[in-house]
Amino acid sequence: VILIDWNCRDRFCALESLNDQTVAREGYELVWVNYFDRIPQQAMDMADVVVSCNYSTEKVHKHKAYNAGMLHASGRVVCVPDSDAWFPRNFIETLRGEFLNTTNQVVFIHEFRSGNPYPAGFAGDRSPYSWQELRANYGACVTMPADLIFALGGFDEHESYEGLVCGPYDLAWRMINLGAPEKWLDQSTVAICHFGHPGSDSGGDPTDRGHAPTAVAGLREGRLLPIVENESIRTKRLERRRMENTLRNVL
């Protein structure tokens, strides 16, 4: 599970709830990535891998943080969720079950969003709080096979993805363009919850129905590779090629 920060996290309910799962803790990996340079003690205490990108740009580029996480992650299945959400105790167990017999799929989990402040000790009972209408929030939580992430060049680092509107859905949609099936899990079985906080909207970034226009265009066009590929991801992608006659006769 890759969780990202850009010197903005003032609560760590994601790490707390992901450390309280029905699956044994050694059975999954938490990767915490800060786009800038802050390393909170909570991340050091509760994550398996902590990465500081130390970028100095004024505007955050979440895709670059995702790629940094991918380069340090070790799982065959990678989940990129909303990093300040609350996760139910069956979250990891449910995802493991979905990928037990196949990795050829893109799995989305719904996120319930509330304007209420995060209640300490929240355990999943949504009834006392007001919630927005549930919709297909592609940026909230997506799980993908690591092999496909590398095969498709990772997360697109094009400048149009700067800002808070970008998310893992660009890469997920490119996987769907390749033919991987899209699956949404039943929200009554598993769903994550996001409570209100300052700056929780897109921050004025331009959107196409709530999504980055470049990603929407890529879905319509059937794009497979990123417009700007991370160089380290590209190296790994090319290293994964398997060639015999082509290598000998052409290269």
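In what follows, every heavy atom counts, from backbone to side chain, and hydrogens, waters and symmetry copies are set aside.
- The two residues Asn116 and Ser130 have their closest heavy-atom pair at OD1-N, 3.0 Å.
- For the pair Arg223 (side chain) and Ala217 (backbone), a donor-acceptor distance under 3.5 Å is absent.
- The backbone N or O of Gly167 sits nowhere less than 3.5 Å from a side-chain atom of Lys62 that would complete a donor-acceptor pair.
- Phe195 and Tyr118 have perpendicular rings, their planes meeting at more than 60° on a 0 to 90° scale where under 30° would count as parallel.
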Inset, instruction - Let me see the working for Gln132 and Ser114 under side-chain hydrogen bond (donor to acceptor under 3.5 Å, both in side chains), right down to the final yes or no. - result: CA-CA 6 Å; Gln132 300 174 11; Ser114 173; over 6 Å; no
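- Looking at Thr57 and Tyr35, their side chains do bring a donor and an acceptor atom within 3.5 Å of each other.
- In this structure, Val49 is a member of the same hydrophobic cluster as Val80, with clusters built from ILVMFWY side-chain heavy atoms closer than 4.5 Å.
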Inset, instruction - Would you sort out whether Trp173 and His211 count as a side chain to side chain contact (heavy atoms under 4.5 Å, CB included), showing the intermediate values? - result: CA-CA 12 Å; Trp173 285 348; His211 300 100; 3.9 Å; yes
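- Side chain of Gln105 to main chain of Glu98: a donor-acceptor pair is present (N/O by atom type, distance under 3.5 Å, no hydrogens or angles).
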Legend entry - Pair Leu71-Ile233, side chain to side chain contact (heavy atoms under 4.5 Å, CB included): steps then yes or no: CA-CA 7 Å; Leu71 291 167; Ile233 298 285; 3.8 Å; yes
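- Both Tyr66 and Leu164 are part of a single hydrophobic cluster, where members link through side-chain heavy atoms under 4.5 Å apart.
- Remark: side-chain polar atoms of Gln21 are paired, donor with acceptor, to backbone N or O of Ser17 under 3.5 angstrom.
- Checked against a 6.0 Å centroid threshold, the rings of Tyr169 and Phe108 do not count as neighbours.
- Within the structure, salt bridge (charged side-chain N to carboxylate O under 4.0 Å, His left out) pairs that include any residue of residues 134-157 comprise Asp147-Arg240 (at least two apart or interchain).
- The hydrophobic cluster around Met44 extends to Val1, Leu3, Phe12, Leu15, Leu18, Val23, Tyr28, Leu30, Trp32, Ile39, Met46, Val50, Val77, Phe87, Phe91, Ile92, Leu95, Phe99, Val107, Ile109, Leu185, Val190, Ile192, counting ILVMFWY residues whose side-chain heavy atoms fall within less than 4.5 Å of a member.
- Atoms CZ and OG1, from Arg89 and Thr94 in turn, are 12.0 Å apart once rounded to the nearest 0.5 Å.
- Each of Val228 and Val216 belongs to its own hydrophobic cluster when Ile, Leu, Val, Met, Phe, Trp and Tyr are linked at side-chain heavy-atom distances under 4.5 angstrom.
- Here the side chain of Asn67 pairs a donor or acceptor atom with the backbone of Phe155 at under 3.5 angstrom.
- Closest approach of Cys53 to Ala68, counting heavy atoms only: SG-CB, 3.7 Å.
- With sequence neighbours excluded, the residues that form a side chain to side chain contact (heavy atoms under 4.5 Å, CB included) with Asp84 are Arg9, Arg11, Asp82, His194, His197.
- Contact detail for Gly69 and Val33: the closest heavy-atom pair is CA-CG2, 3.7 Å.
- To the nearest 0.5 angstrom, Lys236 atom NZ is 5.5 Å from Phe150 atom CZ.
- Asn54 is linked by a side-chain hydrogen bond (donor to acceptor under 3.5 Å, both in side chains) to nothing, counting only residues two or more places apart in sequence or in another chain.
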Inset, instruction - Would you sort out whether His110 and Asn137 count as a side chain to side chain contact (heavy atoms under 4.5 Å, CB included), showing the intermediate values? - result: CA-CA 7 Å; His110 287 284; Asn137 186 341; over 6 Å; no
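- Ring-centre distance between Phe112 and Trp86: not below the 6.0 Å cut-off.
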Inset, instruction - Determine, stepwise, if the pair Asn19 / Arg25 fulfils side-chain hydrogen bond (donor to acceptor under 3.5 Å, both in side chains). - result: CA-CA 7 Å; Asn19 272 278; Arg25 184 61 181 81; 2.8 Å; yes
Legend entry - Test side-chain hydrogen bond (donor to acceptor under 3.5 Å, both in side chains) applied to Asp170 and Tyr161, step by step: CA-CA 9 Å; Asp170 164 69; Tyr161 288 111; 2.9 Å; yes
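- Residues Ser74 and Glu29 approach most closely at N-OE1, 2.9 Å, considering heavy atoms.
- Nearest approach of Ala85 to Cys13, heavy atoms of both residues: O-SG, 3.6 Å.
- Other residues, nucleotides and ligands contribute only 12 or fewer heavy atoms inside 6.0 Å of the CZ atom of Arg96.
- At distances below 3.5 Å, at least one donor-acceptor pair connects side-chain atoms of Asn177 with backbone N or O atoms of Gly218.
- Taking the six-membered ring wherever Trp is involved, the centroid distance between the rings of Trp6 and Phe36 does not fall below 6.0 Å.
- In terms of modelled atom types and a separation under 3.5 Å, the side chain of Ser160 and the main chain of Thr214 share no donor-acceptor contact.
- Criterion: ILVMFWY side-chain heavy atoms under 4.5 Å apart, direct or through other members. Under it, Ile227 and Leu219 are not part of a common hydrophobic cluster.
- Under the side-chain hydrogen bond (donor to acceptor under 3.5 Å, both in side chains) criterion, Thr102 pairs with no residue, sequence neighbours left out.
- Arg174 places a side-chain N or O within 3.5 Å of a backbone atom of Gly154 that can act as its donor or acceptor partner.
- In this structure, Arg234 has no salt bridge (charged side-chain N to carboxylate O under 4.0 Å, His left out) partners at least two apart in sequence or on a different chain.
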Inset, instruction - Assess whether side chain to side chain contact (heavy atoms under 4.5 Å, CB included) is satisfied between Val106 and Met175, documenting all intermediate values. - result: CA-CA 7 Å; Val106 180; Met175 288 186 185; 3.7 Å; yes
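- Counting only distance, with no hydrogens or angles, the side chain of Asn90 and the backbone of Glu93 share no donor-acceptor pair below 3.5 Å.
- Between Asn34 and Asp37, the closest heavy-atom pair is OD1-N, 3.4 Å.
- Taking OG1 from Thr235 and CG from Asn230, the interatomic distance works out to 8.5 Å, rounded to the nearest 0.5 Å.
- Leu152 CG to Met144 CE: the interatomic distance, rounded to the nearest 0.5 Å, is 10.0 Å.
- For His61 and Tyr55, the ring centers sit 6.0 Å or farther from each other.
- His72 places no side-chain N or O within 3.5 Å of a backbone atom of Val31 that could act as its donor or acceptor partner.
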Legend entry - Pair Arg113-Glu111, salt bridge (Lys or Arg N to Asp or Glu O under 4.0 Å): steps then yes or no: CA-CA 6 Å; Arg113 297 184 66 90; Glu111 178 179 76; 2.9 Å; yes
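- Cluster annotation: Leu225 is not connected to Leu178 through the hydrophobic network of ILVMFWY side chains, with a link wherever side-chain heavy atoms come within less than 4.5 Å.
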